[in-house]
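As structure tokens, the structure follows; a few thoughts come after it.
Counting starts at 1 for both ligands and their atoms, in listed order. When reading the values below, keep in mind they use all heavy atoms of this one structure, side chains included, and skip hydrogens, waters and symmetry mates. These numbers were taken from a predicted model, which means no experiment stands behind them. For the single chain, residues carry numbers from 1 onward in sequence order.
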Amino acid sequence: MILWVLPAENIKQRLRCKTKVYPDELPNTSVVIVFHNEAWSTLLRTVYSVINRSPHYLLSEVILVDDASERDFLKLTLENYVKNLEVPVKIIRMEERSGLIRARLRGAAASKGQVITFLDAHCECTLGWLEPLLARIKEDRKTVVCPIIDVISDDTFEYMAGSDMTYGGFNWKLNFRWYPVPQREMDRRKGDRTLPVRTPTMAGGLFSIDRNYFEEIGTYDAGMDIWGGENLEMSFRIWQCGGSLEIVTCSHVGHVFRKATPYTFPGGTGHVINKNNRRLAEVWMDEFKDFFYIISPGVVKVDYGDVSVRKTLRENLKCKPFSWYLENIYPDSQIPRRYYSLGEIRNVETNQCLDNMGRKENEKVGIFNCHGMGGNQVFSYTADKEIRTDDLCLDVSRLNGPVIMLKCHHMRGNQLWEYDAERLTLRHVNSNQCLDEPSEEDKMVPTMQDCSGSRSQQWLLRNMTLGT
Ligand code: LR7
Ligand code: MN
């Protein structure tokens with residue numbers, strides 16, 4: 001038998017959450033759950049947990065939006081089943097497969113609650129999940145709130161606590177990622193982990209939003225298909241247009257993290273996601289969209305349709321630039337707010353380029369013929385003097401190398417490089433050695449040598465833009 005033991009700090013926090021008092025009068029909520037070919041047990045686990053673990057006076061209704069599922073039991077069987085539940089459950093059917101974004105829009109449009117709460121179709125709400133979310137919205141209607149997302153195993157379906165020490169970010173490829181809550185956010189909350197965490201992005205599936213604010217801020221981009229991108233799009237939009245996005249750490253909802261998608265992506269997975277990501281990059285990211293385009297250069301061939309309506313929305317709402325977001329909301333972002341170069345790093349003598357060889361953490365950085373196509377040969381020399389590609393930084397921990405790609409830590413240390421734009425040298429500050437061409441033994445990796453001023457230690461940091 002396995003006993004799960006929570007660390008003492010987690011237990012203390014749960015107790016502090018339990019003794020919090022929320023106002024009696026809270027806005028009520030509609031819960032909107034969209035699904036495509038969801039399993040019966042997980043869908044019903046979601047619905048039952050909403051009904052059993054929410055005060056009914058706070059639940060306006062549950063809306064299930066069926067995104068043209070093909071499974072039989074999701075038709076009449078489901079309809080008959082939900083008739084007997086204690087809270088009104090409405091089923092809406094999309095006429096054709098529309099994707100989760102347009103399905104959510106349909107659900108939201110049909111809902112009546114003062115707040116809209118979105119959930120994936122394979123969740124479990126825990127006791128007390130709802131009150132902290134609604135209370136925060138009551139305090140500030142422009143705050144969009146997420147619970148802590150606990151983990152439900154897709155093998156055993158057991159429930160495991162998620163972490164309150166991570167928050168939402170994203171990488172150059174515009175993948176949503178969890179990163180540690182930075183010290184500045186711990187300090188802002190004076191160490192009180194029961195206070196909401198201001199998060200740069202949300203995972204996307206589980207959140208509550210004031211229904212009028214949802215409309216004011218532009219709901220969703222209906223031009224996005226099937227899956228992906230809407231979470232970052234909404235996160236950027238909320239912050240840039242004057243709202244805020246938080247993880248309310250006293251609210252916990254579990255989510256089944258699946259190893260594979262149980263459904264198809266009409267048009268191809270890559271194509272769909274790239275299209276959605278292009279739409280959000282074009283509308284919200286200003287010049288910083290170059291980071292996305294240059295690291296995944298194939299993307300610029302993907303047609304993303306018309307985004308003029310969304311650009312008009314951005315103007316009408318007088319939203320701030322992406323640089324403001326990076327500076328004020330996400331200074332620890334993988335995309336640097338200020339940088340010296342974004343492009344290849346080319347050796348003057350050999351004309352070869354640094355190459356991350358598939359972006360593997362803890363491996364040596366490589367050097368190959370320059371291909372000028374971005375991707376693995378893209379690095380940014382940032383104002384913080386790191387040489388990074390996405391979330392990995394060139395790191396040297398010993399005299400004479402090797403040069404390794406390690407997670408950027410923003411602590412200077414072994415990741416601090418001084419570029420001399422006249423001598424063209426890249427000097428590693430801690431070791432006081434210079435980046436040099438490969439040795440005879442290994443022609444695939446650069447070396448570290450005492451700075452000599454030789455041509456082999458000269459590097460061109462080229463600025464490239466692809467797709468604009
Ligand atoms: O075509 C579709 N139509 C749908 O109705 C595709 C999906 N869906 C439904 C699907 O049945 C599910 O209920 O949409 C919901 C989300 O799809 P998932 O569960 O396949 O997505 P996910 O959990 O892998 O992905 C996360 O990112 C998505 C990006 O578009 C959405 O924002 C998901 O809601 C989001 N899930 C979460 O945030 C839960 C926590 C995961 C993390 C991290
Ligand atoms: Mn999901």
Side-chain angles (χ1 to χ4, degrees), residues 31-47 50 62-71 74 78 91-108 116-125 144-154 157 160 162-163 166-171 173-179 199 201-209 220-221 223-235 245 247 251-269 272-277 279-280:
V31 175
V32 173
I33 299 166
V34 304
F35 63 92
H36 177 74
N37 284 352
E38 188 65 40
W40 178 265
S41 57
T42 47
L43 179 62
L44 268 292
R45 182 177 181 172
T46 314
V47 173
V50 169
V62 176
I63 297 182
L64 303 179
V65 186
D66 170 15
D67 186 13
S69 298
E70 291 130 359
R71 297 180 174 175
L74 294 170
L78 181 65
I91 300 181
I92 296 173
R93 311 272 183 194
M94 303 300 281
E95 302 78 53
E96 51 172 11
R97 177 83 182 279
S98 311
L100 72 93
I101 296 115
R102 290 192 284 274
R104 278 186 199 159
L105 282 170
R106 183 74 70 83
I116 306 174
T117 298
F118 292 98
L119 295 176
D120 275 9
H122 32 263
C123 289
E124 179 182 330
C125 304
V144 178
V145 288
C146 311
I148 292 221
I149 302 176
D150 292 328
V151 178
I152 301 175
S153 156
D154 68 345
F157 292 94
M160 296 170 282
S163 171
T166 59
Y167 76 174
F170 57 94
N171 60 18
K173 295 195 153 176
L174 301 185
N175 302 121
F176 170 86
R177 286 279 179 277
W178 300 106
Y179 293 104
T199 181
T201 71
M202 64 168 154
L206 290 59
F207 66 97
S208 299
I209 185 168
Y220 271 123
D221 177 356
M224 288 187 170
D225 302 330
I226 307 296
W227 184 101
E230 97 294 342
N231 45 358
L232 297 190
E233 192 270 344
M234 189 173 231
S235 306
L245 182 58
I247 297 169
S251 170
H252 282 255
V253 177
H255 169 263
V256 181
F257 286 80
R258 305 187 276 205
K259 286 182 207 76
T261 18
Y263 47 75
T264 57
F265 279 67
T269 313
V272 168
I273 298 173
N274 288 336
K275 172 184 170 187
N276 292 352
N277 282 344
R279 292 183 69 87
L280 85 93

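Nearest protein heavy-atom neighbour of atom 14 (O) of ligand 1: L100 CB, 3.4 Å. Counting protein heavy atoms only, atom 25 (O) of ligand 1 is closest to W227 NE1, 3.4 Å. When only non-hydrogen protein atoms are considered, atom 31 (C) of ligand 1 lies nearest to E230 OE2, 3.4 Å. Looking at atom 38 (O) of ligand 1, its nearest protein heavy atom turns out to be G205 N, 2.8 Å. Among protein heavy atoms, the minimum distance from atom 36 (N) of ligand 1 is reached at D120 OD2, 3.0 Å. Given atom 41 (C) of ligand 1, the protein heavy atom at minimum distance is F257 CE2, 3.5 Å.
At distances below 3.5 Å, not a single donor-acceptor pair connects side-chain atoms of T201 with backbone N or O atoms of L232. No side-chain donor-acceptor contact under 3.5 Å links D67 to the backbone of F35. Of the possible donor and acceptor atoms, one in the side chain of T46 sits under 3.5 Å from a partner among the backbone N and O of A121. The main-chain N or O of D66 is never found under 3.5 Å from a side-chain atom of S69 such that the two would form a donor-acceptor pair. In terms of modelled atom types and a separation under 3.5 Å, the side chain of R71 and the main chain of N37 share a donor-acceptor contact. Proximity of a side-chain donor or acceptor of R279 to a complementary backbone N or O of G229 within less than 3.5 Å is not detected.
Considering backbone and side-chain atoms together, G228 places an N or O closer than 3.5 Å to an N or O of ligand 1. Considering backbone and side-chain atoms alike, T261 places every N or O at 3.5 Å or more from each N or O of ligand 1.
Under the 4.0 angstrom criterion for non-hydrogen atoms, H122 is in contact with ligand 1. For the pair A103 and ligand 1, no heavy-atom separation below 4.0 Å is found.
Taking every heavy atom of L206 and a limit of under 4.0 angstrom, the matching atoms of ligand 1 come to 39 (C). Near W178, meaning under 4.0 Å from any of its heavy atoms, are these atoms of ligand 1: 43 (C). Taking every heavy atom of H255 and a limit of under 4.0 angstrom, the matching atoms of ligand 1 come to 23 (O), 39 (C), 40 (C), 41 (C). Distances below 4.0 Å separate heavy atoms of R258 from the following atoms of ligand 1: 18 (P), 19 (O), 20 (O). Near D67, meaning under 4.0 Å from one of its heavy atoms, ligand 1 places the atoms 1 (O), 2 (C), 3 (N), 4 (C), 5 (O). Interface atoms of ligand 1 facing F176, defined by a heavy-atom separation under 4.0 Å, are 43 (C).
For C123, every N, O or S atom stays at 2.8 Å or more from the Mn ion (ligand 2).
Counting heavy atoms from C-beta outward, T199 and Y179 have side chains that stay 4.5 Å or more apart. The shortest distance between side-chain heavy atoms of R97 and T264 falls below 4.5 Å. You'll find the side chain of L245 reaches within 4.5 Å of the side chain of C146, heavy atoms only.
Between R106 and E95 there is a salt bridge, with a side-chain nitrogen of the basic residue lying less than 4.0 Å from a carboxylate oxygen of the acidic one. A salt bridge is defined here as a Lys NZ or Arg NE, NH1 or NH2 lying under 4.0 Å from an Asp or Glu carboxylate O, and D120 with R104 meets this definition.
A donor-acceptor contact closer than 3.5 angstrom is absent between the side chains of N276 and E230.
A perpendicular orientation is assigned to the rings of F265 and W227, their planes being inclined by more than 60° (bins at 30° and 60°).
Only one option out of K259, H122, R258 pairs with D154 in a side chain to side chain donor-acceptor pair (under 3.5 Å); it is K259.
When heavy-atom distances to ligand 1 are checked against a 4.0 Å cut-off, H36 comes that close through both its backbone and its side chain. Contact annotation: for I226 versus ligand 1, heavy atoms closer than 4.0 Å belong to both the backbone and the side chain. With a heavy-atom cut-off of 4.0 Å, R104 touches ligand 1 through its side chain alone. Of the heavy atoms in M202, none comes closer than 4.0 Å to ligand 1.
The option with the heavy atom closest to atom 26 (C) of ligand 1, from among A203, C123, G204, A121, is A203. Nearest residue to atom 17 (O) of ligand 1 from Y263, F265, F35 is Y263 (criterion: closest heavy atom). The nearest non-hydrogen atom to atom 12 (C) of ligand 1, considering only T166, I33, V34, D225, comes from V34.
Geometry about the Mn ion (ligand 2) gives an angle of 110° between NE2 of H122 and OD2 of D120, rounded in steps of 10 degrees.
I148 and S163 make their closest contact through CD1-O, 3.8 Å (heavy atoms, listed as atom of the first residue, atom of the second, distance).
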